[in-house]
There are 2 protein chains.
Amino acid sequence: MPAHAKRNGTQQEARALTEKPASRPRRGRPPRLSRDQIVATAYEIVRDEGAETLTMRRLAQALGSTAMAVYHHVRDKDELLMLILEHVAKDLPRPPLPEDPRQRLTTVCHLMFDAFGDNPWVVPVLARGNVVGVSALWMTEEILGALVDCGLTHEEAFWAHQTIWYYTAGQVLCMTQEPGGEGTAEDTGRAPAHQVEPHDGKAPHYPEAAVAKAAGADFPHLVRLAADSRDIEARYSYGRGLRHILEGALPSV
Amino acid sequence: MPAHAKRNGTQQEARALTEKPASRPRRGRPPRLSRDQIVATAYEIVRDEGAETLTMRRLAQALGSTAMAVYHHVRDKDELLMLILEHVAKDLPRPPLPEDPRQRLTTVCHLMFDAFGDNPWVVPVLARGNVVGVSALWMTEEILGALVDCGLTHEEAFWAHQTIWYYTAGQVLCMTQEPGGEGTAEDTGRAPAHQVEPHDGKAPHYPEAAVAKAAGADFPHLVRLAADSRDIEARYSYGRGLRHILEGALPSV
DNA sequence: ACCTGAACACCGTTCAAGT
DNA sequence: ACCTGAACACCGTTCAAGT
């Protein structure tokens with residue numbers, strides 16, 4: 001008994017019936033799925049529901065097709081992820097950049113950070129390193145160029161770029177921690193067990209949790225920090241860390 | 001923290017069947033598995049074969065038991081990971097630290113980075129944020145303390161710590177990219193398809209791959225970098241990025 | 001109390017077959 | 001050429017039962 005025998009009858013047909021130019025006579029069955037359609041739908045899933053909910057079966061269902069039909073257009077899930085990556089990189093805004101190299105630097109870095117903030121799932125994909133988002137390469141080029149224009153050698157520019165990249169990637173990855181599912185306002189009823197009880201409505205904050213755990217030990221700075229770590233963290237930003245890096249990496253004005 | 005909140009409400013006492021006379025009379029079957037044993041074995045798997053090979057079934061097999069036996073000692077896989085984390089944090093070296101706060105800072109940061117280098121799998125676990133390795137908390141404390149001793153306010157110290165942490169986490173996460181399986185010297189026979197051909201024996205390097213992909217575009221700095229990016233990268237290090245951050249974050253001497 | 005085996009609801013992917 | 005369904009080799013976890 002196939003569990004999914006019932007189809008969602010009227011789904012999205014007529015969507016990709018763009019004109020066939022009639023030039024090339026195709027043989028065989030006309031395609032009902034296209035790479036672009038697959039990537040667009042996969043992107044919507046990833047954007048709306050997070051990268052971890054993207055499975056081949058889930059995608060197929062959204063396409064009104066089967067998991068294996070997707071494999072006819074895409075080699076495997078890795079390639080699919082790479083295609084989604086390209087899809088978002090392509091549409092990234094590329095505003096005019098300031099002349100001053102130092103301002104250009106911080107502008108591009110913030111563009112990069114914001115792009116990741118909108119698509120945090122790309123960072124783990126990028127960090128795996130076997131993938132290059134061609135359409136976002138201009139950012140790397142601009143950063144390197146601006147660093148050189150600030151007076152660094154090419155070697156120093158690469159090093160500074162590495163540091164900036166690690167910092168950016170690390171921050172995006174660490175910000176993508178909370179699942180934030182549907183249980184926001186409603187208690188799920190699960191016992192907290194060894195987990196620290198949330199201070200109020202929010203999830204346990206790192207310094208608070210740390211201090212609570214290290215009850216016995218003598219960690220004055222941690223304790224002091226835990227007191228108002230939320231406020232202090234609210235005043236931290238990507239720009240602050242970036243300023244530190246640039247002030248240390250660039251020749252002083 | 002309740003942790004053992006579900007105490008024995010059914011305190012039936014003093015029935016004597018198979019007396020374990022001497023000390024505490026245990027009832028029921030004597031345990032053949034212990035939490036410590038489970039954690040130690042799990043750590044060995046993770047250390048020797050990588051975090052992604054750790055599955056409950058694999059662990060049970062290494063223990064000569066079944067997957068479900070493990071669940072009697074450990075709530076779920078998340079708790080298991082946290083226990084392994086504690087296990088390695090506990091054995092971290094804690095050498096005497098230099099008096100000078102600035103030297104202390106770089107020393108502790110390098111200790112942290114090296115610890116992660118030996119156990120890169122912990123960074124994704126830590127980045128999920130719902131876990132605190134109590135036994136490694138002294139590093140956070142030392143970093144905060146040293147930053148304050150360098151003249152920062154507590155707020156500034158926290159910010160600098162955030163930047164250092166993001167940088168460190170990012171670098172460890174990005175270094176953990178290559179699977180490095182068994183196909184090192186032998187061609188697997190798979191077609192490279194759209195993937196860039198390795199330059200020599202090694203995996204395609206980021207700038208090389210990037211330039212190869214962006215064939216048409218005009219990216220002079222990237223091209224220039226690709227020429228000898230391997231050598232330049234070899235001269236980059238954690239210390240270099242850290243120095244930039246600290247020079248920008250600390251008051252100038 | 002501690003452990004077992006079967007089973008559930010998934011996953012990515014291969015394969016042989018249908019149109 | 002394009003799509004389908006069944007099947008393989010996995011996952012984490014629940015459940016009822018054994019000792």
Side-chain angles (χ1 to χ4, degrees), chain A residues 1-7 11 13 16-17 20 24-38 42 45 49-82 125 128 179 188 190 193, chain B residues 4 6-13 15 17-20 24-38 42 45 49-82 125 128 179 188-190:
Chain A
M1 283 85 74
H4 292 288
K6 51 160 185 189
R7 259 234 167 77
Q11 214 144 295
E13 53 260 18
L17 278 201
K20 300 289 179 181
R24 272 257 234 86
R26 311 282 243 97
R27 35 186 208 293
R29 176 196 284 203
R32 300 191 329 211
L33 241 41
S34 76
R35 223 172 142 103
D36 284 349
Q37 190 192 162
I38 288 171
I45 294 175
E49 293 159 62
E52 64 285 350
T53 73
L54 179 70
T55 71
M56 300 308 262
R57 287 166 167 86
R58 168 93 182 68
L59 170 61
Q61 181 205 324
L63 287 163
S65 182
T66 67
M68 295 324 301
V70 175
Y71 277 92
H72 199 266
H73 300 260
V74 144
R75 193 171 33 174
D76 53 17
K77 206 186 175 183
D78 268 14
E79 181 174 273
L80 178 60
L81 284 172
M82 199 180 64
V125 177
R128 293 194 17 212
T188 57
R190 276 188 306 171
Chain B
H4 305 299
K6 53 177 302 179
R7 281 218 200 242
N8 35 13
T10 64
Q11 180 106 354
Q12 51 205 204
E13 37 114 32
R15 93 285 34 153
L17 302 188
T18 55
E19 280 299 341
K20 299 289 186 192
R24 275 260 230 83
R26 309 284 241 93
R27 346 186 251 295
R29 176 195 282 201
R32 299 191 332 209
L33 241 40
S34 76
R35 223 172 141 104
D36 285 349
Q37 188 191 164
I38 288 171
I45 293 176
E49 292 158 63
E52 64 284 352
T53 74
L54 179 69
T55 71
M56 300 307 262
R57 287 166 167 83
R58 169 91 185 70
L59 171 61
Q61 180 205 325
L63 287 163
S65 183
T66 67
M68 294 325 299
V70 175
Y71 277 92
H72 199 265
H73 300 261
V74 145
R75 191 172 35 174
D76 54 18
K77 206 186 175 183
D78 269 13
E79 181 174 273
L80 178 59
L81 284 171
M82 197 179 69
V125 178
R128 293 194 19 213
T188 57
R190 276 188 307 170

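Chain letters run A, B, ... following the sequence lines, proteins first and then strands; every chain starts at 1. Just so you know, these numbers come straight off a predicted model, no measurement behind them. FYI, side chains are in, hydrogens and waters are out, and symmetry mates aren't considered; it's all heavy atoms of this structure.
Nucleotides of DNA chain D nearest to B:Asp76 and A:His73 differ in position, and the one nearer the 5' end is that of A:His73. Along DNA chain D, the nucleotide nearest A:His72 and the nucleotide nearest A:Met68 are compared for position; the residue whose nucleotide lies closer to the 5' end is A:His72.
Here the side chain of B:Thr66 is nearest to one of D:dT13, C:dG12, C:dT4, namely C:dT4. Comparing C:dC3, D:dC11, C:dT13 by their closest approach to the side chain of B:Ala69 singles out C:dC3. Considering only side-chain atoms of A:Arg57, the nucleotide from D:dC3, C:dT13, D:dT13 that sits closest is C:dT13.
Heavy atoms only, all atoms of each residue included: A:Arg58 and A:Thr53 are closest at CG-O, 3.6 Å. Between B:Ile45 and B:Leu59, the closest heavy-atom pair is CD1-CA, 3.9 Å. The two residues B:Leu33 and B:Ser65 have their closest heavy-atom pair at CD2-OG, 3.8 Å.
B:Arg35 places its CZ atom 14 Å from the P atom of C:dC3, with the value rounded to the nearest Å. For the pair A:Asp78 CG and C:dT13 C1', the computed distance is 13 Å after rounding to whole Å. Atom C1' of nucleotide D:dT14 and atom CE of B:Met56 are separated by 13 Å, given to the nearest angstrom. Rounded to whole Å, the distance from CD1 on A:Ile38 to C1' on D:dC2 is 11 Å. Rounded to whole Å, atom P of C:dG12 lies 13 Å from atom CD of A:Glu52. To the nearest angstrom, P of C:dT14 lies 10 Å from CZ of A:Arg75. Taking atom CZ of residue A:Arg32 and atom P of nucleotide C:dT19, one finds them 13 Å apart after rounding to whole Å. A:Tyr71 has its OH atom 7 Å from the P atom of C:dT14, to the nearest Å.
Only the P atoms considered, D:dA9 is 22 Å distant from C:dA9, to the nearest whole Å.
Note that CZ of A:Arg57 is 9.0 Å distant from CE of A:Met68, once rounded to the nearest 0.5 Å.
A 3.5 Å limit on both hydrogen-bonding distances identifies D:dA16 as the Watson-Crick or G-U partner of C:dT4. Base pairing of D:dA9: no nucleotide in any strand meets the Watson-Crick or G-U wobble criterion (both distances under 3.5 Å).
Side chain of B:Asp76 to backbone of B:Glu79: a donor-acceptor contact under 3.5 angstrom is found.
Here A:Arg58 does not reach the OP1 or OP2 of C:dA9: none of its side-chain N or O atoms lies under 4.0 Å away. Between B:Ser65 and the phosphate of C:dT4, there is a side-chain N or O to OP1/OP2 separation shorter than 4.0 Å.
Within the nucleic acid shown, B:Leu54 comes within 4.0 Å of sugar-phosphate atoms alone, with no base atom in reach, counting heavy atoms only.
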